[in-house]
Amino acid sequence: MSAGKGKSRQPNGASSIFQRADGRWHGYVTVGVKDDGKPDRRHVGRKTRPEVTKAVRELEKQRDSNGVRKAGQSWTIETWLIHWVENIAAPSVSENTIDGYRVAVYHHLIPGLGSHRLQKLDPEHLERFYQKMQTNGSSAGTAHQAHRTVRTALNEAVRRRHLTINPASVAKAPKVEEEEIEPYSVEEVQRLLLEAEKHRNTARWVIALALGLRQGEVLGLKWADVVDSAEGGVIRVRRGRLRPRYKHGCGDKCGRKPGYCPQKISVRRETKDTKSSAGKRPIGVPEELMSLLRLHKQEQDRERALARDLWAGKGYVFTSPTGEPLNPNTDFHRWKDLLRAAKVRDGRLHDARHTAATVLLILGVPDTVVDAIMGWEPGKSARMRRRYQHLTGPVLQQTAAKIGGLLWGAPVPSQPSIGSVLPGPTQSPISVDPMVYVARLGERRIAFLHREHAEALVEQWGGDGRDHSAEVEEWDRGKWEHDGPAGGRAVRDRMPDRRIVFHAHALFAPGGERLNTGVSEQWSVHAWEFESDLYTDLPVRWHTTRRPGQEVEAQVRGTDKDAIAAVFAEACAQAVDRARDPSKYGDSDRW
């Protein structure tokens with residue numbers, strides 16, 4: 001660096017410090033190359049040389065860690081959010097997702113935060129904004145949706161180097177209390193089904209309550225997806241109905257909303273493919289429901305004859321009287337009408353899906369079959385079962401009976417035998433094979449219904465460079481359920497989820513001094529969902545713990561590398577505070 005006259009010229013690209021005639025000290029740091037190919041030189045100015053030297057060193061440090069904000073347009077929150085939602089998000093996400101993003105951006109984030117400069121937004125600004133939203137009447141869920149949207153938008157700004165860290169990854173998200181959902185009882189379901197017989201599209205409600213299909217999946221069904229054969233009925237879920245969007249066809253002269261314009265024009269496709277491969281699935285149909293679908297087809301044929309030229313002829317199972325696919329909003333109101341007519345307590349339409357999942361739990365259906373029926377993805381199925389399958393009275397009573405049978409010899413409710421087909425609405429085309437294929441990974445064993453999945457896992461495990469042996473074993477299913485780990489319950493019908501998980505780790509002595517443990521501060525690893533100590537499907541999660549030797553450990557991990565870097569400092573700060581003040585965190589003085 002040069003400090004004034006008489007010094008030799010610095011090499012190209014080197015930082016420089018000098019004092020101008022006004023007495024102020026100035027520094028220039030080359031941080032990269034501009035879009036036009038010229039050096040990107042950043043300027044800092046301070047009153048004293050030590051101050052400017054410190055600023056230059058900090059800028060060099062950011063440059064060397066790829067943390068310098070990219071030169072170019074000076075964004076505000078408003079201009080960045082509009083650019084992100086319309087030009088970056090809209091072409092790459094589904095219609096329903098972009099609808100949610102636009103509501104959060106235009107109705108909440110821009111009015112509340114839009115005037116902030118992008119690089120000046122602090123976590124505290126966001127936290128005060130979330131609190132203000134809820135004070136003004138927004139629910140915690142709405143505030144949380146705004147948080148998720150701005151976090152996603154600013155992650156993209158970090159990736160493009162318009163920001164160095166994402167303040168939304170540091171800010172505390174609004175706390176959302178998970179709503180306690182009470183599924184409908186068997187008696188309530190029976191009353192609903194009896195009432196549904198009096199209404200048009202009876203089978204639509206039977207499918208929801210018996211098979212647990214999502215609203216969009218039911219309304220997107222076509223007759224080509226319904227297989228009625230001698231071996232039994234099957235519904236193949238392939239697509240979901242989208243909420244319609246319209247524009248005026250009258251030149252906005254009718255004075256109505258676009259959806260009520262007499263000449264309205266649809267601007268959105270009717271359906272989309274299921275959002276995951278797990279969503280595309282076959283589901284066994286009980287004969288009683290198959291009979292209802294046959295009657296429904298006859299009723300639809302009569303409606304087609306009455307509609308004549310007006311019939312749309314698009315092949316949907318559930319339609320309007322002119323053959324058009326049902327509008328989800330209309331379908332929702334018909335559900336509410338059904339609840340009132342059956343004198344059943346009010347509930348969401350999605351509660352029918354919770355009800356069906358809980359019925360599968362009551363019947364003791366194996367987890368792999370439950371996942372296939374409900375359309376849950378690998379890596380998320382266990383979490384989804386916890387969310388959808390509720391411990392109702394029958395479940396608790398059966399559990400109590402099993403405990404009684406073990407301790408006092410009380411009779412235990414019988415379970416379906418191995419290889420049998422489950423009865424009633426849970427009947428599925430997926431059969432239970434008497435053999436399971438186990439991938440043995442060192443001391444760990446993962447069981448699969450299909451050998452190719454076990455072989456693929458063993459091959460990938462070896463490709464990751466794991467330091468223990470891996471091979472495929474064949475187990476008799478009865479032996480696996482009796483002798484296998486965790487009672488042999490986990491038998492998978494697809495590959496487990498695998499992703500790159502980033503980690504950050506630091507250890508502090510009781511006084512708060514950083515310890516050198518010989519372990520890398522930050523690293524990444526390919527982790528599988530069954531490796532609970534390495535794997536997570538969250539963008540970032542962190543915690544601090546006190547070890548038996550009184551050291552305090554800070555651990556951060558997640559799938560978002562930038563978010564990990566952003567919160568690591570916060571985790572370390574809490575670990576230092578915890579090391580200095582154990583009582584503040586409820587840590588015991590004795591271990």
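Atom set for the values below is all heavy atoms of this structure, side chains included, hydrogens, waters and symmetry mates excluded. The structure presented is a predicted model; accordingly, all values stated were derived computationally and were not measured.
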Engineer: Taking only residues two or more places apart in sequence, or in another chain, which ones meet Arg238 in a salt bridge (charged side-chain N to carboxylate O under 4.0 Å, His left out)?
Structural biologist: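 Result, salt bridge (charged side-chain N to carboxylate O under 4.0 Å, His left out) vs Arg238: Asp225.
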Engineer: Is the side chain of Arg444 donor-acceptor paired with the backbone N or O of Phe530 at a distance under 3.5 Å, no angle test?
Structural biologist: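 Indeed, once roles are kept as given, a pair shorter than 3.5 Å links the two residues.
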Engineer: I'd like to check the side-chain contact (heavy atoms from CB on, under 4.5 Å) partners of Ala140; sequence neighbours left out, ordered by chain and number.
Structural biologist: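 Expected list: Gln134, Val176.
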Engineer: List the residues meeting side-chain contact (heavy atoms from CB on, under 4.5 Å) with Leu193, not counting sequence neighbours, and say none if there are none.
Structural biologist: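 Partners of Leu193 by the side-chain contact (heavy atoms from CB on, under 4.5 Å) criterion, ordered by chain and then number, come out as Val189, Val206, Leu209.
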Engineer: Locate the shortest heavy-atom distance separating Ala504 from Ile564; write the atom from each residue and the value.
Structural biologist: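 For Ala504 and Ile564, the tightest heavy-atom pair comes out as CB-CG2, 4.0 Å.
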Engineer: What is the ring orientation for Trp205 with Trp335, classed by angle as parallel under 30°, tilted 30 to 60°, or perpendicular over 60°?
Structural biologist: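 Rings of Trp205 and Trp335: tilted, 30 to 60°.
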Engineer: Among Arg241, Arg243, Lys314, exactly one meets salt bridge (charged side-chain N to carboxylate O under 4.0 Å, His left out) together with Glu270. Which residue is that?
Structural biologist: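 Going through Arg241, Arg243, Lys314 one by one, the salt bridge (charged side-chain N to carboxylate O under 4.0 Å, His left out) with Glu270 is satisfied by Lys314 alone.
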Engineer: Residues two or more places apart in sequence or in another chain: which of them pass side-chain contact (heavy atoms from CB on, under 4.5 Å) with Ala157?
Structural biologist: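 Expected list: Trp80, Leu118, His162, Leu163.
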Engineer: Got a sec, which residues hit side chain to side chain donor-acceptor pair (under 3.5 Å) with Gln300, two or more places apart in sequence or on another chain?
Structural biologist: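 Residues passing side chain to side chain donor-acceptor pair (under 3.5 Å) with Gln300: Trp223.
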Engineer: Can you name the side chain to side chain donor-acceptor pair (under 3.5 Å) partners of Asp99, sequence neighbours left out?
Structural biologist: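 Asp99 satisfies side chain to side chain donor-acceptor pair (under 3.5 Å) with Arg245, Arg268 once adjacent residues are dropped.
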Engineer: With sequence neighbours left out, write down each residue that passes ring pair (Phe, Tyr, Trp, His ring centres under 6.0 Å) with His543, or none if nothing qualifies.
Structural biologist: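 Counting only residues at least two positions away or on another chain, His543 forms no ring pair (Phe, Tyr, Trp, His ring centres under 6.0 Å).
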Engineer: Kindly write out the residues that satisfy side chain to side chain donor-acceptor pair (under 3.5 Å) with Lys222, not counting sequence neighbours, or none if the list is empty.
Structural biologist: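 Once residues adjacent in sequence are excluded, Lys222 has no partner under the side chain to side chain donor-acceptor pair (under 3.5 Å) criterion.
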Engineer: Let me confirm one number: the OG1-OH distance from Thr271 to Tyr316, rounded to the nearest 0.5 Å.
Structural biologist: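 Interatomic distance, Thr271 OG1 to Tyr316 OH, rounded to 0.5 Å: 4.5 Å.
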Engineer: Could you walk me through whether Asp497 and Arg499 pass the side chain to side chain contact (heavy atoms under 4.5 Å, CB included) test, one step at a time?
Structural biologist: CA-CA 7 Å; Asp497 185 57; Arg499 62 187 69 205; 2.6 Å; yes
Engineer: Using a distance-only test with no angle check, is there a side-chain donor-acceptor pair under 3.5 angstrom linking His505 and Glu553?
Structural biologist: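 Yes, because at least one side-chain N or O of His505 sits under 3.5 Å from a partner of the opposite role on Glu553.
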Engineer: Using the side chain to side chain contact (heavy atoms under 4.5 Å, CB included) rule, take Arg281 and Glu217 through it: C-alpha gap first, then chi angles, then the decisive distance, then the call.
Structural biologist: CA-CA 11 Å; Arg281 62 197 189 276; Glu217 293 173 342; 2.9 Å; yes
Engineer: Apply side chain to side chain donor-acceptor pair (under 3.5 Å) to His144 and list each qualifying residue two or more places apart in sequence or on a separate chain.
Structural biologist: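 In terms of side chain to side chain donor-acceptor pair (under 3.5 Å), with neighbours along the sequence ignored, His144 is linked to Arg148.
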Engineer: Under a 3.5 Å distance rule, please check whether Thr202 uses its side chain to pair with a backbone N or O of Ala196 as donor and acceptor.
Structural biologist: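 Checking the backbone N and O of Ala196 against the side chain of Thr202, a donor-acceptor pair under 3.5 Å is found.
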Engineer: Checking Arg102 now: which residues fulfil salt bridge (charged side-chain N to carboxylate O under 4.0 Å, His left out) with it, not counting sequence neighbours?
Structural biologist: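 By the salt bridge (charged side-chain N to carboxylate O under 4.0 Å, His left out) rule, Arg102 matches Glu86.
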Engineer: Tell me, please, which residues at least two apart from Glu474 pass salt bridge (charged side-chain N to carboxylate O under 4.0 Å, His left out).
Structural biologist: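 Scan of Glu474 (salt bridge (charged side-chain N to carboxylate O under 4.0 Å, His left out), adjacent residues dropped) gives Arg451.
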Engineer: Closer than 3.5 angstrom, by distance alone: can the side chain of Arg236 be matched with the main-chain N or O of Pro282 as a donor-acceptor pair?
Structural biologist: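 Looks like no, no N/O pair under 3.5 Å.
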Engineer: Quick one: side-chain contact (heavy atoms from CB on, under 4.5 Å) partners of Glu471, sequence neighbours excluded?
Structural biologist: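 side-chain contact (heavy atoms from CB on, under 4.5 Å) check on Glu471 returns Arg440, Glu473.
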